[in-house]
Amino acid sequence: MGGILEQLESQAAWEDFLAHRLVKGRFNWPAFENADAYVAGREYLPAARAFIDGSGPGIPERKLVNKMGTGKKRTVYSYGEDDTRVLKLLSHLLYRYDGFFSPNCYSFRRGLKASDAIFSILKLLHGRRMWAYKLDIHDYFNSISIPILLPMLRGLLADDPGLYGFFERMLTDGRALADGETVRCRRGVMAGTPTAPFLADVYLSEVDRHFALEGVIYARYSDDIILFAPDRETLESYKAELLAFLERYELELNPSKERIYAPDEAFEFLGFSCRGGAIDISQATRTKMKGKIRRAARALERWRVRNALEPEAAMKGLIRIFNDKFFEDDDPGALTWSRWFFPVINRTDGLREIDNYLQRYIRYLGTGRHTKANYRVRYSALKALGYRSLVHEYYLRRRKQ
């Protein structure tokens, strides 16, 4: 089996990659035509050769972006366009090592999705009263210790020393562009870059494997982990083991997202709330989305007043923003609610709650106030402005399946 780096300048590898993405629905047609022209013209060759000879990739840009559903910021990194294209192919070729990972790791795996984690857990829990412990790792990708990661990578990539050498160079570089200046910082595996998910799975692979061998009901999706036990005492034992692993790997928890669930409680994982066979949208996800709706509506109201616009302009704006977030569109890569939640949930309480909240703020934009009089704006008027109900769209999709 040849080295992966050499495949980066292979026309056949690029064409296979494009075909794979097209079959998986990852392209709309204009994006595919653009990518196809890029590959046909062999425009990838300079960047690919720089990866192979050790002069690439370049220095990534470090940016702060809004964290979805909150007022917080998160740090992400991005390389130039050509470097990013080559890194995407590299990430695709890294599926060669997919068999290394434990079945209880569901993030960024070939043929596995978040829904598989939920369905697998519920199948294993069927008819059993179990305690659960859930945690979230703070700034996981960017806080990964490179000195700890590199020996893991060296062992995994023993069959491809050239690839290991590439990762060693890239991960130990330590430089980033921030506000036009080159700075040195702890970058970890650089959240936002195409290879970061693979490297993050490698970093916690020992933890995943440990709980799989112990026969523990356990699932991990990137930085979200949940495990189950038949009683509280056993759960505390598993919790101690897990926290000891994370301490050894120099990782910190998000205390606000750490939670123990009693057997009769609904547990929350990956934005879902599960109790028995009932699957709905979690309360945390509902709260985040309400915050996003509220902030967007207030921003649109300020914009409307500042520019002396008719209320309808702001109402349409709010509807358009959340139609894009909720429903499938021309961007196959967009992580909309219809792609993430609709195929999994079998309850609509959460969808109905968000529907009602969004309708309330669309009506608010009609008057600039929260009053009962806002309900004179009839539902038919909201639909005429382009409003689409989550509950209606969910059942429409179910009927089509």
Side-chain angles (χ1 to χ4, degrees), residues 1-8 51-57 59-60 75 77 79 86-87 90-110 135 137-176 184-214 216 218-225 227 238 240-253:
M1 189 182 297
I4 281 180
L5 285 186
E6 286 68 30
Q7 295 184 57
L8 298 180
F51 278 44
I52 295 168
D53 68 25
S55 61
I59 303 174
T75 301
Y77 294 85
Y79 284 95
V86 176
L87 283 170
L90 176 58
S91 180
H92 171 74
L93 295 171
L94 287 169
Y95 280 120
R96 170 191 292 186
Y97 298 99
D98 195 63
F100 165 79
F101 300 108
S102 177
N104 55 15
C105 171
Y106 292 89
S107 50
F108 318 109
R109 301 285 308 282
R110 174 155 287 176
L135 63 79
I137 301 169
H138 173 67
D139 196 23
Y140 176 43
F141 285 17
N142 298 330
S143 60
I144 286 175
S145 168
I146 300 307
I148 295 174
L149 173 63
L150 286 178
M152 300 176 185
L153 270 181
R154 188 182 297 113
L156 175 61
L157 307 180
D159 64 332
D160 194 342
L163 180 60
Y164 171 76
F166 165 80
F167 276 124
E168 184 179 40
R169 288 191 304 273
M170 184 177 77
L171 296 173
T172 57
D173 186 299
R175 293 176 297 169
R184 290 197 170 271
C185 55
R186 178 172 177 170
R187 306 180 314 181
V189 298
M190 295 175 287
T193 59
T195 53
F198 169 79
L199 297 169
D201 274 354
V202 171
Y203 198 65
L204 287 180
S205 58
E206 181 188 2
V207 183
D208 303 335
R209 197 169 296 109
H210 168 80
F211 286 105
L213 292 173
E214 291 291 316
V216 177
Y218 163 106
R220 181 172 68 83
Y221 193 97
S222 187
D223 56 354
D224 289 307
I225 299 175
L227 55 78
Y238 293 160
E241 290 180 36
L242 178 54
L243 294 181
F245 271 116
L246 299 187
E247 182 178 5
R248 190 200 315 166
Y249 293 143
E250 301 179 4
L251 299 172
E252 297 180 6
L253 306 186

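- For the atom pair L163 CG and L157 CG, the distance stands at 5.0 Å (nearest 0.5 Å).
- For I4 against L93, the heavy-atom pair with the smallest separation is CD1-O, 3.6 Å.
- The two atoms that bring P194 and P197 nearest to each other are O-CD, 3.4 Å, heavy atoms only.
- Between D201 atom CG and S107 atom OG the span is 3.5 Å, to the nearest 0.5 Å.
- Counting heavy atoms from C-beta outward, P161 and R154 have side chains that stay 4.5 Å or more apart.
- In this structure, the separation between CD1 on I225 and CG on L253 is 9.0 Å, given to the nearest 0.5 Å.
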- Could you go through the side chain to side chain contact (heavy atoms under 4.5 Å, CB included) check for Y97 and D159 one step at a time? CA-CA 11 Å; Y97 298 99; D159 64 332; 2.9 Å; yes
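- Listed here is the closest heavy atom pair of T75 and A191: O-CB, 3.8 Å.
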- Message: Quick one, L243 with L135, criterion side chain to side chain contact (heavy atoms under 4.5 Å, CB included). Give me CA distance, side-chain angles, the key distance, then yes/no.
- Response: CA-CA 10 Å; L243 294 181; L135 63 79; 4.2 Å; yes
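- Looking at heavy atoms from C-beta onward, L87 lies in side-chain contact with F51 at the 4.5 angstrom threshold.
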- Item | L242 and L227: CA distance, side-chain angles, deciding distance, side chain to side chain contact (heavy atoms under 4.5 Å, CB included) verdict | CA-CA 10 Å; L242 178 54; L227 55 78; 4.0 Å; yes
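- Counting heavy-atom neighbours within 6.0 Å of E252 CD, excluding the residue itself, gives a total of 12 or less.
- Counting only distance, with no hydrogens or angles, the side chain of N104 and the backbone of D208 share a donor-acceptor pair below 3.5 Å.
- Counting only heavy atoms from C-beta outward, the side chains of H210 and Y218 never approach each other to under 4.5 Å.
- In this structure, CZ on R187 lies 7.0 Å from CG on L171, to the nearest 0.5 angstrom.
- In this structure, R209 satisfies the cation-pi test against F100, with its NZ or CZ atom closer than 6.0 Å to the six-membered ring centre and inside 45 degrees of the ring normal.
- Heavy-atom contacts from other residues, nucleotides or ligands closer than 6.0 Å to NE2 of H138 number 12 or fewer.
- Between Y95 and H92, the ring-plane angle classifies as perpendicular under the 30° and 60° cut-offs.
- Annotation: side chain of F198 is in contact with side chain of L153 (closest heavy-atom distance under 4.5 Å).
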- After noting the C-alpha distance and the side-chain angles of Y79 and M190, does the key distance pass the side chain to side chain contact (heavy atoms under 4.5 Å, CB included) rule? CA-CA 10 Å; Y79 284 95; M190 295 175 287; 3.3 Å; yes
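- In this structure, T195 and L90 approach most closely via the heavy-atom pair CG2-CD2, 4.1 Å.
- Shown here for D98 and R109, the closest heavy-atom pair between the two residues is OD1-NE, 2.8 Å.
- From R248, atom CZ reaches atom CD of E206 across 5.0 Å, with rounding to the nearest 0.5 Å.
- Ring orientation note: the planes of Y140 and Y203 are tilted relative to one another, at an angle of 30° to 60°.
- Minimum heavy-atom separation, L204 to Y249: CD2-CD1, 3.7 Å.
- One distance of note links CG of D223 with CG of D139; it measures 9.0 Å at 0.5 Å rounding.
- Considering only heavy atoms from C-beta on, V207 stays 4.5 Å or farther from R220 through its side chain.
- Two residues are said to be in side-chain contact when any heavy atoms from C-beta on lie closer than 4.5 Å; L94 and F108 fail this criterion.
- Put simply, the side chain of V202 reaches to within 4.5 Å of the side chain of F101, judged on heavy atoms.
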